[in-house]
Amino acid sequence: MALTEVSCNKIFGGLQKVFSHKSKEVGCTMKFGVFVPPQAEENKKLPVIYWLSGLTCSEANFIEKSGAQRYAAIHGVIIVNPDTSPRGLNIPGDSESMDFGVGAGFYINATQSPWKDNYRMFSYVTKELIEIVNLNFPVAEGKQSIMGHSMGGHGALVCALKNPGLYKSVSAFAPISNPLKCSFGIKAFTGYLGPKETGTWSEWDATELVKKYSGPALELLIDQGMEDNFLKNQLLPENLMEACKNVSFPAILKKREGYDHSYYYVASFIGEHIEYHMKNLTK
Ligand SMILES: N[C@@H](CCC(=O)N[C@@H](CS)C(=O)NCC(=O)O)C(=O)O
């Protein structure tokens with residue numbers, strides 16, 4: 001579990017670091033970002049928020065574009081953001097499109113060859129990464145929340161819904177809310193999980209998972225830019241909200257007029273999300 005420090009930059013009084021390590025779950029070297037706020041110098045154990053990025057991203061996009069460090073430094077919270085898929089494996093077909101393979105792990109555990117040995121981003125994020133973070137950084141164990149964007153917004157919802165109690169709260173920017181019903185999701189699930197007839201797809205779809213969730217009370221905070229090009233065909237937040245309404249699952253949809261799908265939008269509301277998670281992490 002040795003970590004190699006790849007970079008370290010002071011920002012807003014804290015340190016934005018990037019580490020690499022050999023991952024058991026995904027069978028390759030993985031990188032992740034960790035923002036350590038200034039409060040860590042006081043030997044305090046701090047809460048953690050995990051961030052999952054969207055299609056085409058590495059760990060760098062969030063670090064460079066979200067502006068999250070400003071708010072994390074104010075609130076005294078560690079932020080951890082992994083890469084979005086295994087890298088460097090050169091599996092045939094892993095780099096042909098933006099919505100499958102490298103940069104598009106969908107935070108699920110694949111069951112189909114040739115993906116099933118490495119495309120295990122769900123276990124990587126919910127088990128291995130948490131163990132590594134707890135061992136190496138000044139975290140208050142168990143005080144963790146999760147959020148993400150697009151593919152990663154949905155990933156955050158799935159990580160929380162499939163692990164009741166693991167995260168104190170969950171939020172999602174422009175999540176791919178119902179992958180069973182959109183082309184990004186259908187392509188990824190067909191490749192990683194096999195044809196729909198396998199019956200396993202619903203285990204990895206947040207709109208299906210809210211229907212059978214059982215565990216500690218959880219609220220879904222969904223955020224959506226109303227000028228997002230992916231909204232109508234890929235994101236389908238109305239399907240998730242309808243499912244939540246039908247089973248009385250607490251959910252909030254924040255509609256942001258004029259905002260698109262980009263990190264300009266994420267940066268505009270990341271402070272609000274960090275504040276939301278901090279309320280839940282300090283209860
Ligand atoms: N225009 C993008 C479409 C994919 C996209 O919008 N990706 C989002 C997540 S779904 C993203 O965060 N892109 C990286 C960035 O904006 O830094 C591309 O094809 O590269």
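Residue numbers run from 1 in the order of the sequence given. Remember, it's 1-based here, ligands and their atoms both numbered in the order they're listed.
Put simply, no part of S262 is less than 4.0 Å from ligand 1, judged by heavy atoms.
Using bins of under 30°, 30° to 60° and over 60° for the plane-to-plane angle, the ring pair H21/Y124 lands in the parallel bin. The aromatic rings of Y192 and F100 lie parallel to each other, their planes meeting at an angle below 30°, with 60° marking the opposite boundary.
Interface atoms of ligand 1 facing C57, defined by a heavy-atom separation under 4.0 Å, are 11 (C), 12 (O), 13 (N), 14 (C). The ligand atoms of ligand 1 that sit less than 4.0 angstrom from a heavy atom of S150 are 10 (S). Listed by number with element, the atoms of ligand 1 under 4.0 angstrom from any heavy atom of G54 are 9 (C). Near F230, meaning under 4.0 Å from one of its heavy atoms, ligand 1 places the atoms 6 (O). For ligand 1, the atoms closer than 4.0 angstrom to any heavy atom of K65 are 15 (C), 16 (O), 17 (O). Atoms of ligand 1 lying under 4.0 Å from any heavy atom of Y263, numbered from 1 in the order shown and given with element: 12 (O), 15 (C), 16 (O), 17 (O). Those atoms of ligand 1 that come under 4.0 Å of a heavy atom in N61, given as number and element, are 14 (C), 15 (C), 17 (O).
Atoms OG and CD1, on S123 and I108 in that order, are 11.0 Å from each other to the nearest 0.5 Å.
For atom 3 (C) of ligand 1, the nearest non-hydrogen atom from the set M98, H261, M151 belongs to M98. Compare D99, I176, L55 by their heavy atoms: the one nearest to atom 7 (N) of ligand 1 is in L55.
For R256 and F269, the positive end sits near the middle of the six-membered ring, less than 6.0 Å away and at most 45° from its axis.
Contact annotation: the side chain of L55 never approaches that of F230 to less than 4.5 Å [non-hydrogen atoms, C-beta and beyond].
Inside a 4.0 Å radius of atom 1 (N) of ligand 1 there is not any protein heavy atom. For atom 15 (C) of ligand 1, the nearest protein heavy atom lies under 4.0 Å away.
Y119 contributes no side-chain N or O that, together with a main-chain N or O of V26, makes up a donor-acceptor pair within less than 3.5 Å. In this structure a side-chain-to-backbone donor-acceptor pair under 3.5 Å is missing from K181 to Q234.
In terms of protein heavy-atom proximity, atom 13 (N) of ligand 1 is closest to T56 OG1, 3.5 Å.
Here the rule is side-chain contact (heavy atoms from CB on, under 4.5 Å) with I274, and of V77, L281, I74 only V77 fits it.
Residue-level proximity to ligand 1 for H149 is carried by the side chain, the only part with a heavy atom below 4.0 angstrom.
In this structure, the ring of H75 has its center no less than 6.0 angstrom from the ring center of H277.
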